[in-house]
Engineer: 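Quick one: the structure is below, and I'll ask about it shortly.
Both ligands and their constituent atoms are indexed starting at 1 by order of listing. Because the structure is a prediction, the values reported are computed rather than measured.
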Amino acid sequence: MEVDTQHYDDIIIGGGKAGKTLAPALVADGRKTALVERSLNTIGGGCINIACIPTKTMVASASVANTVRNSAAYGVKANTPIVNLAEVIQRKRSVVQSAREMNLHNLETALDNNLIVGEARFVAPKTIAVTTTEGNNRLLTAERLFINTGTRPLIPSVPGLTEVEFLTSESIMELEYLPEHLIVLGSGYIGLEFAQMFRRFGCRVTVIGQSEQILSQQDPDIAIAVQTVLERDGIKFLLNAKVLKVDRTGKAIKLQIQVANQEIELQGSHLLVAVGRAPTTDRLNLAAAGVTTDVRGFIVVNDRLETNVPGIWALGDINGGPQYTHVSLDDYRIIKANLIDGGNRNTSDRLIPSCLFIDPELAHVGLTETEARQQGYAIRVAKLDASAIPRAKTLGKTDGLLKVIVDTETGHILGSSLLCHEAGEVISTVQMVMQAQMPYTVLRDGVLTHPTMTEGLNLLFSKL
Ligand SMILES: Cc1cc2nc3c(=O)[nH]c(=O)nc-3n(C[C@H](O)[C@H](O)[C@H](O)COP(=O)(O)OP(=O)(O)OC[C@H]3O[C@@H](n4cnc5c(N)ncnc54)[C@H](O)[C@@H]3O)c2cc1C
Ligand SMILES: NC(=O)c1ccc[n+]([C@@H]2O[C@H](COP(=O)([O-])OP(=O)(O)OC[C@H]3O[C@@H](n4cnc5c(N)ncnc54)[C@H](O)[C@@H]3O)[C@@H](O)[C@H]2O)c1
């Protein structure tokens, strides 16, 4: 078989947020660069195709359904909303399609023929083999390689699970009809976003969590506040639960579950599995490159994102760091600073915010109260009910709890969790004050526009 071999300065394997942003930067730096992406349907990476953008597009539809359903409270009469899931999915597809086309255009402009569409695997330390989607076998070698291949849904080993047709975060976004009763396995980010979305579309929803608390990394008071809000929407929770067996009987999926000391049976029409993400390293043949992975299969890197093999870096979810698009983007910035701009950046100096896109949103930055205490800080904690914020009252969006943790000695903010309308936006203000290492009094006394959700920070910090 004839194999075409080409040499590059740099090869990027996988075009997630980091990889697709790095490619044009390397080209602009004068490097002969190739980017290998698995298929034309995945151009642009997970975020735009199967993750952040499609989910938030569908969350927007769920929010409209909810607004219409509750319109009478605002003095506006509307009929009960009818959700046409096929049309919701069509809207999602069109948002994804336009993002993918833009990404393809950008990559082709930057890389020309060096955007290679096919799955890559290592055959030697600095050599990868790619069978392109057109069926050509290519060998590519490079001085430097950047791995940015992301993750896929983790499927737990539950007896019977693989014999029933279950949903993942990808297939649930292709359903054409609303589930009658959606069971969600996993009470983390993906589980909760889909649970509320489908509840607001009009489905019965039950969430199964293995711990006593949902969102296990959050403080208990915040996790309970989130659960309360979701229960008010009509979502049922089974916590401290272990699924023992899954079966299908006719159209129903039947779960045998141990909850505390009791064994119960739960039946639903659909089952979504959302218990975390697995790295896509298994098909990369990293052994041929000598790249080390951890026990879960994520690539081990140092704080400059270097693997154990000189000249090979790993960026984004695949390196085992926090799984967010903005972290993957910052991984790109670290590489650019160190390899292009002559700087010296690492992962240790960055503050990473996050936002769970339920309604109200839950945004977080820095340490939780539990973490601050574990790390030995002397702290002051303030909490504010979202209903105290004037803007929340005007909008009729008074659910939520805002919390901040401050270092008693320095007055610096150590962390904050905001469960309120537009929390994902408001948290950036807290983050900037933290990054600037300003005292919390800046947010207590700063003149903030009235009436905005951010103004709630005046009230929150006044409680300290
Ligand atoms: C349902 C869902 C919702 C999410 N919502 C949010 C959110 O709202 N905000 C947020 O910040 N994060 C969110 N995330 C997390 C976010 O999507 C990821 O952290 C982010 O996409 C990681 O990007 P990455 O750079 O690691 O690579 P990815 O975006 O995962 O891209 C990796 C690319 O590599 C390609 N690839 C894999 N193997 C190969 C190979 N062997 N050869 C060639 N190409 C290969 C893949 O096709 C893919 O295109 C969400 C995740 C999910 C699953
Ligand atoms: N808005 C956002 O930024 C956003 C949205 C979705 C996903 N993400 C990212 O994607 C990552 C993956 O999301 P996820 O929800 O799959 O993972 P997760 O880690 O957020 O939550 C997984 C949950 O499943 C539970 N679990 C694990 N095994 C289980 C089992 N066998 N039975 C029942 N429960 C089990 C865990 O205790 C955990 O609560 C997130 O951690 C986040 O970084 C971000």
Engineer: List ligand 1 atoms under 4.0 Å from G316, heavy atoms only on the residue side.
Structural biologist: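 Matching atoms, with element in brackets: 26 (O).
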Engineer: What pair of heavy atoms forms the shortest contact from I190 to A274, and how long is it?
Structural biologist: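 That closest heavy-atom pairing would be CG2-CB, 3.7 Å.
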Engineer: Look at atom 30 (O) of ligand 1 and say which protein heavy atom is nearest, naming residue and atom and giving the distance to 0.1 Å.
Structural biologist: G150 CA, 3.3 Å
Engineer: Report the part of N148 in contact with ligand 1, treating N, CA, C, O as backbone and CB onward as side chain, heavy atoms under 4.0 Å; options are side chain, backbone, both, neither.
Structural biologist: both
Engineer: Check ligand 1 against K17 and write out every atom of the ligand that is under 4.0 Å from a heavy-atom position of the residue.
Structural biologist: 25 (O)
Engineer: Measure the distances from the heavy atoms of K56 to every atom of ligand 2 and state whether one is below 4.0 angstrom.
Structural biologist: yes
Engineer: What I want to know is whether Y189 and ligand 2 share at least one N or O pair that is separated by under 3.5 angstrom.
Structural biologist: yes
Engineer: Using a 3.5 Å distance criterion without hydrogens, assess whether the side chain of T132 forms a donor-acceptor pair with backbone atoms of N136.
Structural biologist: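 Present.
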Engineer: Backbone, side chain, both or neither: what part of E193 comes under 4.0 angstrom of ligand 2, heavy atoms only?
Structural biologist: side chain
Engineer: What atoms in ligand 1 come closer than 4.0 Å to a heavy atom of Y324?
Structural biologist: 11 (O), 12 (N), 19 (O)
Engineer: Find all atoms of ligand 1 within a distance of less than 4.0 Å from any non-hydrogen atom belonging to G46, and give their numbers and elements.
Structural biologist: 28 (P), 29 (O), 31 (O)
Engineer: With heavy atoms under 4.0 Å as the rule, classify the contact between R283 and ligand 1 as side chain, backbone, both or neither.
Structural biologist: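 No part of R283 comes within reach of ligand 1.
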Engineer: Taking only non-hydrogen atoms of L185, do any sit less than 4.0 angstrom from ligand 2?
Structural biologist: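 Within the 4.0 Å threshold, so yes.
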Engineer: Just to be sure I read this right, does ligand 1 sit under 4.0 Å from the backbone of R121, its side chain, both, or neither, counting only heavy atoms?
Structural biologist: neither
Engineer: Would you say S354 contacts ligand 2, with heavy atoms under 4.0 Å as the rule?
Structural biologist: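 Contact check S354 vs ligand 2: negative.
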Engineer: Under 4.0 Å from ligand 1, counting heavy atoms only, is it the side chain of I190, its backbone, both or neither?
Structural biologist: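 Under 4.0 Å from ligand 1, I190 contributes side-chain atoms alone.
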Engineer: Would you mind checking which non-hydrogen protein atom is closest to atom 44 (N) of ligand 1, with the distance to 0.1 Å?
Structural biologist: R38 N, 3.2 Å
Engineer: Just need the protein heavy atom nearest to atom 21 (O) of ligand 1, so name the residue and atom and give the distance.
Structural biologist: C47 N, 3.5 Å
Engineer: I'd like to check whether G276 has a polar contact with ligand 2, where a contact means an N/O of the residue lying under 3.5 Å from an N/O of the ligand.
Structural biologist: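 Yes, there is a polar N/O contact under 3.5 Å.
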Engineer: Within ligand 1, which atoms have a heavy atom of L284 less than 4.0 Å away?
Structural biologist: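 With L284 as reference, the close atoms of ligand 1 come out as 41 (N).
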Engineer: Should you measure from each heavy atom of V36, which atoms of ligand 1 turn up under 4.0 Å away?
Structural biologist: 43 (C), 44 (N)
Engineer: Around atom CD of E263, are there more than 12 heavy atoms from other residues, nucleotides or ligands closer than 6.0 Å?
Structural biologist: yes
Engineer: By ring pair (Phe, Tyr, Trp, His ring centres under 6.0 Å), which residues pair with F146, not counting sequence neighbours?
Structural biologist: W313
Engineer: Identify the closest protein heavy atom to atom 31 (O) of ligand 1: which residue and atom is it, and at what distance?
Structural biologist: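 Atom 31 (O) of ligand 1 sits closest to the protein heavy atom G16 CA, 3.3 Å.
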Engineer: Looking only at distances, please establish whether an N/O atom of ligand 2 is found under 3.5 Å from an N/O atom of I190.
Structural biologist: yes
Engineer: Give the residue, atom name and distance (to 0.1 Å) of the protein heavy atom nearest atom 4 (C) of ligand 1.
Structural biologist: C52 N, 3.7 Å
Engineer: Indicate whether atom 28 (N) of ligand 2 is within a distance of less than 4.0 angstrom of some protein heavy atom.
Structural biologist: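 Protein heavy atoms within 4.0 Å of atom 28 (N) of ligand 2 - there is at least one.
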Engineer: Using every non-hydrogen atom in the two residues, find where L239 and Q227 come nearest and quote the distance to one decimal.
Structural biologist: CD1-OE1, 3.4 Å
Engineer: Please report whether ligand 2 has a polar contact with Q323, defined as an N or O pair separated by less than 3.5 Å (distance criterion only).
Structural biologist: yes
Engineer: What atoms of ligand 1 come closer than 4.0 angstrom to any heavy atom of K56?
Structural biologist: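 Reading through ligand 1 atom by atom, the close ones are 5 (N), 6 (C), 7 (C), 8 (O).
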Engineer: How far is atom 37 (C) of ligand 1 from its nearest protein heavy atom, and which residue and atom name does that atom have?
Structural biologist: T149 O, 3.2 Å
Engineer: Go through the steps to decide whether V226 and Q218 satisfy the test side chain to side chain contact (heavy atoms under 4.5 Å, CB included), and finish with yes or no.
Structural biologist: CA-CA 10 Å; V226 172; Q218 276 294 336; over 6 Å; no
Engineer: Is ligand 1 under 4.0 Å from a heavy atom in the side chain of T55, in the backbone, in both, or in neither?
Structural biologist: side chain
Engineer: Just jot down the ligand 1 atoms closer than 4.0 angstrom to any heavy atom of Q323, in number order.
Structural biologist: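 Every atom of ligand 1 under 4.0 Å from some heavy atom of Q323: 15 (C), 19 (O).
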Engineer: Applying salt bridge (charged side-chain N to carboxylate O under 4.0 Å, His left out) as the test, list every pair that has at least one member in residues 133-155; sequence neighbours left out.
Structural biologist: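 Qualifying pairs: D4-R138, D10-R144, R31-E143, R152-D282.
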Engineer: Do A120 and ligand 1 have an N or O pair less than 3.5 Å apart?
Structural biologist: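 A120 vs ligand 1: N/O contact under 3.5 Å present.
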Engineer: Geometry only, no angles: is A241 polar-contacting ligand 2 at N/O separations under 3.5 Å?
Structural biologist: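 By distance alone, the answer is no.
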Engineer: Please could you name the atoms of ligand 2 that C355 approaches to less than 4.0 Å, counting only its heavy atoms?
Structural biologist: 1 (N), 2 (C), 3 (O)
